[in-house]
Amino acid sequence: MPADDRPERYPFADIEGKWQRVWEDRKQFRAVEDPTRPKFYCLEMFPYPSGRIHMGHVRVYAIGDLLARFKTMRGFNVLHPMGWDAFGLPAENAAIDNGVHPAVWTHENIAYMRTQLRRMGISYDWDREVTTCDPAYYRWEQLVFIRMFERGLAYKRRSRVNWCPSCQTVLANEQVEAGRCWRCDSEVVARDIDGWYFKITDYAEELLAWCDRLPGWPERVMTMQRNWIGRSEGAEFTLPVVGGPGIAIFTTRPDTSFGMTYAVLAPEHPLVDQLVADPGERARVEAFRREVAAQSEIERVAADRPKRGLRLAARAVNPFSGLEIPLFIADYVLMTYGTGAIMAVPGEDQRDWDFAIAHGLPIIPTVARPPEWVDNQAYTGDGVKINSGFLDGLTVAEAKRKAIDWLVAQGLGRAKVNYRLRDWGISRQRYWGAPIPILYCEKCGMVPEREDRLPVVLPPDVQISGKGGSPLADVASFVHATCPRCGGRARRETDTMDTFVESSWYFLRYCSPSYAGGMVDRTAAEYWMPVDQYIGGIEHAVLHLLYARFYTKVLRDLDLVAVDEPFTALLSQGMVIKDGAKMSKSKGNVVDPDELIERYGADTARLFSLFAAPPEKDLDWNDHGVEGASRFLNRVWRFVHAHLDELGPASAARPPALSAGGRAFRRTIHETIRRVTEDIEKDFHFNTAISAVMELVNALHDFDRASRHSSALAERRALLREAVEATLLLLGPVSPHVAEELWAALGHEESLFTRAWPAVDEAALARDEVEIVVQVDGRVRGRVTVAATATESDIRARALADDRVRPWLAERVVAKVVVVPGRLVNIVTRG
RNA sequence: GCCGGGGUGGCGGAACUGGGAGACGCGGCGGACUUAAAACCCGCUGGCCUGCAAAGGCCGUGGGGGUUCGAUUCCCCCCCUCGGCACCA
């Protein structure tokens, strides 16, 4: 864009650079522990150093900075740090594509993005910057890994995992979205592989319980976490097999047991081999297993897919009814949930119904159907038990309890709670991550690294091909080591940790970023933790946010921190949309923050991203809207500069008695302060807070015009000054540079951000008169102005007597008059 | 299928606890300034209708019903849409 077609604008580039330097020179945003003041830990999710910031970053950091500056002005000791989520695959892919070492690529990106963030003028304490690929950072997570290993919270096992063929690595369940890799969208395949796991399932109950104890979190995030954890109550019991070993069954509907007409095992269930004796049957089972294994993850999750199964020769006995029932292996039963085997009750489970219909199996209803029920599907509702022996006549809930009691009495089973949540697979067969501090000794076996030999540093010299296998396995100097226990020959683990491990505790490291005695200095953590306000995208609802909650609880149990939960409140901000789609290079709808700041300045970019939508909603980017934001800041700038002589330098004393117009204007000033404060504090409605400031500026112009020729000069000056100062203070957290500059122009020598947030003068809010709306039968027919002290009967009389109202009452009888003091009167009539 | 969010002017969005629907901004229209344009400043701007005008009427918050003096707001049913989970026994 050529410079000369830009509208005339205040010199934002000079101002922004100037104040960024001043704030930095003064170390104005340095956070120091101070037990005498209330603390506020304000945190935005740190970025992955991908190369450049995008509009989503601008939005989240504008929100965070608004809150940090606002809380500072409200008297809190604010911690507002920034760092880099620096490990991860894109760095490795860049190495493969361009031959740049991941470390070089990452550090170059960090350097550039740091300058971008500085140009936004965010109030970070840069002295606390944390970079997760730094050995001084990840050494502590290696130490915690060892502690977790010692307690069985980190363990290794071979199991079926999600493998991304493109990223050439394992993915955690949380990183698979509808059968595809969360990063590259490739179809995920199943593989049996050795890997390291964190025992997040040990914390399922606590993670779930705290979902109800975090009122500062959005309900939708908590719902997603609850669903992800997926608690279900039921019973586990042993299903006897004729002449064979019993099969463990989990069910949430023990009340329906009398309706169990067959049972099903997952194809890969280990008991299947013991149940199959005949070589011919064995071959059929093997063929069926191959058939199931061949289907991709996508096919597996496809809806309404016909259920395939194979009937076994072995038969089981329904312990409730005593009847012999057939046994199947079928693809609709998952080895990874419950016990990998189910009792099938087609009458009350749709999946079992579908399978029973397809295989001609009997269906016995065990809950009485409602009269209008059409019997073409399973019935899952409540009702009275039937066909159920000693459970007959009970409700479903009663029968569940009684069935469990019976199982316990028979010694067959017990009540059981199951979770959908699986352990967190943290092994990655990639280079750019924190090494797992484990060695394999020829004599001692699997041994954790000695703590005094930490960190296990990621070796710089490595060949990254992306062709599969952990690149570290080819680095002889890394792999070959001595056993920490016996000193003999040992090999190092060559998998690295999932980068979500680093982001599970970075907020703790900010409390004492260079502490050398451990992960975190307890005193600092006890002062700052937990994070009071966390801000970030909804995409992490069950990824980072669940992992960080889990990891914090582990650190608590390792006695490293004293908090149960890391984040007291969460603000989950929406995406930035343009032309109906998320901004992306492939769609060509990207707005580059650099260009935006170049053209309009950071203050405008911030103002617009806060004004255009409430933070939790998606923000529809609109170039005209940015113009509007810029126009507003220019309007404020021009007004202050046009009135500098009148406004300053010293603040004029307000005359004791104000004119009616003066009182009305002053009420607007203080109503604005109240509205802005409430909008920010109560529900993060920054868009309406900003619109309130815009209204104040409009009122300021009106007052200026109206009082220009007034003789009450002292009143005019005092109120202009009060209004302008309020405007700048309220605007400061949104557009800090221009506010600070104009604040200085008014003659203030101290930073605006060391000033207290303006207080509402309750006396200024008082009104002498109020306007009352008069309705007849619910329709507005007139308005009357009455004294604020008017009684209900005064208001009623005035309403009934109003000239505009009376014609609507002609030839009608007044049946009722509703008076809402200060608001309206509704006259209800009868014809 | 289950769970959660949402549906308001041409557009982004606002509306306290059930009380004047459409704040604020964008866009549009008109005016002022200017040789002219941009910028800036002022005014109007949901739809339909009556009126020369002043002014006024009716309709209107996805659709239908209900509660209420009064419903964008509460209740019931339905439609659409976005997001999450998805053979979880």
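In what follows, chains carry the letters A, B, and so on, assigned in the order in which the sequence lines appear, proteins first and then strands, with residues in each chain numbered from 1. Computed from heavy atoms alone, side chains included, the values below leave out hydrogens, waters and symmetry copies.
The Phe611(A) side chain lies nearest to C24(B) when the options are C24(B), A89(B), G19(B). The nucleotide whose nearest atom lies closest to any side-chain atom of Trp228(A) is, among C85(B), G25(B), C26(B), C85(B). Across G13(B), A89(B), G84(B), the shortest atom-to-atom separation from the side chain of Thr252(A) is found for A89(B). Taking every side-chain heavy atom of Thr223(A) into account, G4(B) is the closest of G27(B), G13(B), G4(B). Checking G57(B), G19(B), A23(B) against every side-chain atom of Ser691(A), the shortest atom distance belongs to A23(B). The side chain of Thr251(A) approaches A89(B) more closely than any other nucleotide in the set G27(B), C3(B), A89(B).
Ring geometry for Phe355(A) against Phe328(A) counts as perpendicular: the plane angle is over 60°, on a 0 to 90° scale with 30° as the lower cut.
Spacing between atom CG of Leu334(A) and atom C1' of A89(B) amounts to 9 Å, rounded to whole angstrom units. Straight-line distance from the CE atom of Met222(A) to the P atom of G4(B): 15 Å, rounded to whole Å. Atom CG of Asp623(A) and atom P of C11(B) are 18 Å apart (whole Å). Distance CG (Asp679(A)) to C1' (C16(B)): 11 Å, rounded to an integer number of Å. Going from atom CG of Asp620(A) over to atom C1' of C82(B) covers 14 Å, rounded to whole Å. With rounding to whole Å, Tyr332(A) atom OH is found 17 Å from A86(B) atom C1'. Counting to the nearest Å, the P atom of A14(B) and the CZ atom of Phe686(A) are 13 Å from each other. Taking atom CG of Leu546(A) as the reference point, atom P of C85(B) lies 13 Å away to the nearest angstrom.
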Scan nucleotides 40-42 of chain B against the protein and return all N/O pairs shorter than 3.5 Å with their distances rounded to 0.1 Å.
from, atom 1, to, atom 2, distance (Å)
C40(B), O3', Arg638(A), NH2, 3.0
C41(B), OP1, Arg635(A), NH1, 2.9
C42(B), OP1, Arg705(A), NH2, 2.6

Original post:
With the sugar-phosphate defined as primed atoms, P, OP1 and OP2, and the base as all remaining atoms, what B/S/- string results for nucleotides 69-77 of chain B, 5' to 3', for protein heavy atoms under 4.0 Å?
Top reply: BS-------
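Distances shown here put every side-chain N or O of Asn418(A) at or beyond 4.0 Å from the OP1 or OP2 atom of A89(B). Contact check, Arg779(A) against C59(B): a side-chain N or O comes under 4.0 Å of OP1 or OP2. An OP1 or OP2 oxygen of G25(B) is reached within less than 4.0 angstrom by a side-chain nitrogen or oxygen of Asn698(A). Residue Thr688(A) places no side-chain N or O under 4.0 Å from the OP1 or OP2 atom of G13(B).
Considering only residues two or more places apart in sequence or on other chains, Arg830(A) meets the salt bridge (charged side-chain N to carboxylate O under 4.0 Å, His left out) condition with none of them. A search for salt bridge (charged side-chain N to carboxylate O under 4.0 Å, His left out) contacts involving Arg674(A) returns nothing, not counting sequence neighbours. Not a single salt bridge (charged side-chain N to carboxylate O under 4.0 Å, His left out) links Asp423(A) to another residue, sequence neighbours left out.
Anti is the glycosidic conformation of G47(B), whose angle departs from 0 by more than 90°.
Nucleotides C24(B) and A14(B) are separated by 8 Å at their C1' atoms, to the nearest Å. Between the C1' atoms of G62(B) and U72(B), the separation comes to 12 Å (whole Å). Here, A23(B) and U45(B) have their C1' atoms 15 Å apart, quoted to the whole Å.
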Original post:
Please walk me through it: do Asn418(A) and Ser232(A) pass side-chain hydrogen bond (donor to acceptor under 3.5 Å, both in side chains)?
Top reply: CA-CA 5 Å; Asn418(A) 251 319; Ser232(A) 17; over 6 Å; no
Original post:
After noting the C-alpha distance and the side-chain angles of Met260(A) and Thr251(A), does the key distance pass the side chain to side chain contact (heavy atoms under 4.5 Å, CB included) rule?
Top reply: CA-CA 11 Å; Met260(A) 177 200 331; Thr251(A) 178; over 6 Å; no
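Between Val264(A) and Ile329(A), every side-chain heavy-atom pair lies at or beyond the 4.5 Å cut-off. Residues Ile63(A) and Arg59(A) form a side-chain contact, since some pair of their non-hydrogen atoms from C-beta on lies under 4.5 Å apart. For the pair Val396(A) and Val367(A), the minimum side-chain heavy-atom distance is below 4.5 Å. Within the 4.5 Å cutoff, the side chain of Glu678(A) has heavy atoms near those of the Lys682(A) side chain.
Using a 4.0 Å heavy-atom distance criterion, Arg420(A) is classed as a base contact. Residue contacts shown for Thr336(A) are absent, as no nucleic acid heavy atom lies under 4.0 Å away. Among the protein residues, Trp808(A) comes within range of the sugar-phosphate backbone only, with heavy atoms under 4.0 Å from sugar or phosphate atoms but none that close to a base. Residue Arg804(A) is classed as a sugar-phosphate contact, given heavy-atom separations below 4.0 Å to backbone atoms only. When heavy atoms are screened at a 4.0 angstrom cut-off, Lys307(A) is found touching base atoms of the nucleic acid. Using a 4.0 Å heavy-atom cutoff across all strands shown, Glu771(A) reaches at least one base atom of the nucleic acid. Contacts of Gly230(A) with the nucleic acid, taken as non-hydrogen atoms under 4.0 Å apart, are absent. Arg231(A) comes within contact range of no nucleotide atom at all, as no heavy-atom separation falls under 4.0 Å.
Aromatic ring centroids of Tyr10(A) and His641(A) lie 6.0 Å or more apart. Note: Phe632(A) and Phe611(A) fail the aromatic proximity criterion, with ring centroids not under 6.0 Å apart. Between Phe12(A) and Trp637(A), the gap from one ring centroid to the other reaches at least 6.0 Å.
Of the two residues contacting RNA chain B, namely Arg422(A) and Ala613(A), the nearest-nucleotide position lying further toward the 5' end is that of Ala613(A). Sequence order on RNA chain B of the closest nucleotides to Asn622(A) and Leu824(A) puts Leu824(A) first from the 5' end.
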Original post:
Given Watson-Crick or G-U pairs with both distances under 3.5 Å, what dot-bracket string fits RNA chain B, with | for other-strand pairs and [ ] for crossing?
Top reply: (((((((..(((......[....)))(((((.........)))))(((((....)))))..(((((..]....))))))))))))....
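Not one N or O on the side chain of Tyr337(A) forms a donor-acceptor pair closer than 3.5 Å with the backbone of Tyr419(A).
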